[in-house]
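Report on one structure; see the data block that follows.
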Number of protein chains: 2
Amino acid sequence: MGGDFGPRVTVPAALQALASNPRLKLLLVGDPEAISPLLANKNAEQLDRLQIIPAEHVVANDVKPSQAIRSSHGTSMRIALNLVKSGEAQACVSAGNTGVLMGLAKMMLKSIEGIERPALVTAIPNLKQQKTVILDLGANINCNSRMLVQFAIMGAVMAEDVAGVKNPRVALLNIGEEESKGLDNIREAAMTLRNSELINYIGYVEGNELLTGKTDVLVCDGFAGNVTLKTMEGTIRVILSLLKSPEGQKKKSSWLMKIFRKLLLKLIAKRFGHLNPDQHNGATLLGLRGIVIKSHGAANENAFKAAIDQAVQAVEKQVSEKIAVRLDAVLPKSE
Amino acid sequence: MGGDFGPRVTVPAALQALASNPRLKLLLVGDPEAISPLLANKNAEQLDRLQIIPAEHVVANDVKPSQAIRSSHGTSMRIALNLVKSGEAQACVSAGNTGVLMGLAKMMLKSIEGIERPALVTAIPNLKQQKTVILDLGANINCNSRMLVQFAIMGAVMAEDVAGVKNPRVALLNIGEEESKGLDNIREAAMTLRNSELINYIGYVEGNELLTGKTDVLVCDGFAGNVTLKTMEGTIRVILSLLKSPEGQKKKSSWLMKIFRKLLLKLIAKRFGHLNPDQHNGATLLGLRGIVIKSHGAANENAFKAAIDQAVQAVEKQVSEKIAVRLDAVLPKSE
């Protein structure tokens, strides 16, 4: 149990998740001395569905991923992934370092056949009251065209099964809509996707369409995906903060204005709540023989609980199994 | 006079600019038969400061830039750039195709010595009531580390002279703050910038800091820059549209609620007006021996006027000349 805040966030989040899902069982991998006190006097039925698995260390956040992976024996991340590998757990949720989680997960769980590199994916709400699945979000900063095509297939499965969209539209993130635009890998991936009857490919989409619902699946390399998602989050945070404390408006802060603002903030919270990083926390590491969910390192209790929920959903929907089947259909092994 | 709407947007914008700046003179390059009727019965003093330069064609928007450049003789874009080259004009403002404008401008005006490729740059308002200069926005989708360093230098000059920031902080856009993060070109540029005493380099900054004012200059390749700027614009548009017409809230649309919303929209307009693409329209093509401003193709009258204003400012501040001097100081030619 690493992440920026460790057990004092993840343990209460685990208890929340157990309370809201009576079928859930959780293994908490970490330092028993840090975890146990946080469980004192909690609901006995929930505690029955919870087990502490001791781990001596957490993965260091300040070293290179390759180095952290080499010295990962005995860390909570490695032990948790091992539980997935052995089948004792069906999913692993971590707030630790993305690069290390990605590397360790790939090493221990292996990729689904046909997937070169797993990708980080999330689903964000869009203007059409649906969700847009976006990947990769930072697991792979250099992607060839084959990887982008594999991301498209994985994203389509996520959109169908997790976001509930039929025949999801798949687009490539680019800096223009014309065919000639963009990097070579993107143009090459576009060619493959255009020719595939099993993918509902709609072409290039630009950053300004992230929230409009123009596409159900948005495919990009991990650098662009990270930039676009973080830019969106940052923009929303800035706007919310300006609305909450509009400087230079103090003279107008009569009680009436305060009520105005409160009402509108409510309205905004209702419309944008899901865009709040606290609520769409949890990116799935897709393409592995097992479910791994990456939480923001700085996730709070609600946000970490959202990541646990996402793991439950991925397990129930059998996402990994479906990706394997779909891959086989779109990119047959005989090719 | 190309762009998506041609003279019916650019001519009224030109008249607006002439009205607001009594020292400005404008050469309108385009089809006299399309332009002249739009000038009928307008202010005589303003018309005195305006001249029509006939051009038979506009650059085609639907062909590859390389092809459009080869067949650019007689186009308004080429004639306008020629006027800058010959010194008859001090700046060129265009709403035409970015790739063609970039290619033609580089071919005709040449780069400042020491600049490999010009970059598209703009300044966006941030939370600290300053502006953040961001480049490249899409002129160069593949950038080596030298180009990123040159962008940093050009961006610092823009921040000082156009945004008015002393000793501007310069950051590289990346997907994490740790030194080991990101693409090779970014890490290499970071090394050069860290070692330069003439650049106030502050490290990596992520997409969520675009509007917070954490840095005065944000340097990135044209792909990432385009993605982050468009994502920001799209997010703001979506939020404003939700605030303007909040579906599912119709029952509450009493007159009081309508007033609430109007007041808050005013407040938002005041705080975010500058983030509205209509008002910060106009990206400068920086690094050339002359001023070239790229307007959004779909710019409306106000937006195109903003692009003209930006050209005036760049000319007055002698941006090109200052970049040449600064380049020489940071990267002496003897190196």
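Just the heavy atoms: all of them, side chains too, but no hydrogens, waters or symmetry mates, feed the values below. Each chain gets a letter, A, B and so on, in the order its sequence line appears, and its residues count up from 1.
- In this structure, CG on Asn226(B) lies 9.0 Å from CG on Leu173(A), to the nearest 0.5 angstrom.
- Rounding to the nearest 0.5 Å places OG1 of Thr235(B) at 4.5 Å from CG of Leu211(A).
- For a residue to count as touching a neighbouring chain, one of its non-hydrogen atoms must lie under 4.5 Å from one of that chain's; by this rule Leu137(A) does not touch chain B.
- Atom CD of Glu209(B) is separated from atom OG1 of Thr231(A) by 10.5 Å, given to the nearest 0.5 angstrom.
- Looking only at heavy-atom pairs under 4.5 Å with chain B, the residue among Val227(A), Thr98(A), Leu183(A) that has the most is Leu183(A).
- For residues 220-231 of chain A, every residue pair satisfying the salt bridge (charged side-chain N to carboxylate O under 4.0 Å, His left out) rule, not counting sequence neighbours, is listed here: Lys230(A)-Glu206(B).
- The part of Leu210(A) that comes within reach of chain B is its side chain, from C-beta onward, which places non-hydrogen atoms under 4.5 angstrom from that chain.
- Within 6.0 Å of NZ in Lys64(A) there are 12 or fewer heavy atoms belonging to other residues, nucleotides or ligands.
- Rounding to the nearest 0.5 Å gives a distance of 7.5 Å between CD1 of Ile186(A) and CD1 of Ile141(B).
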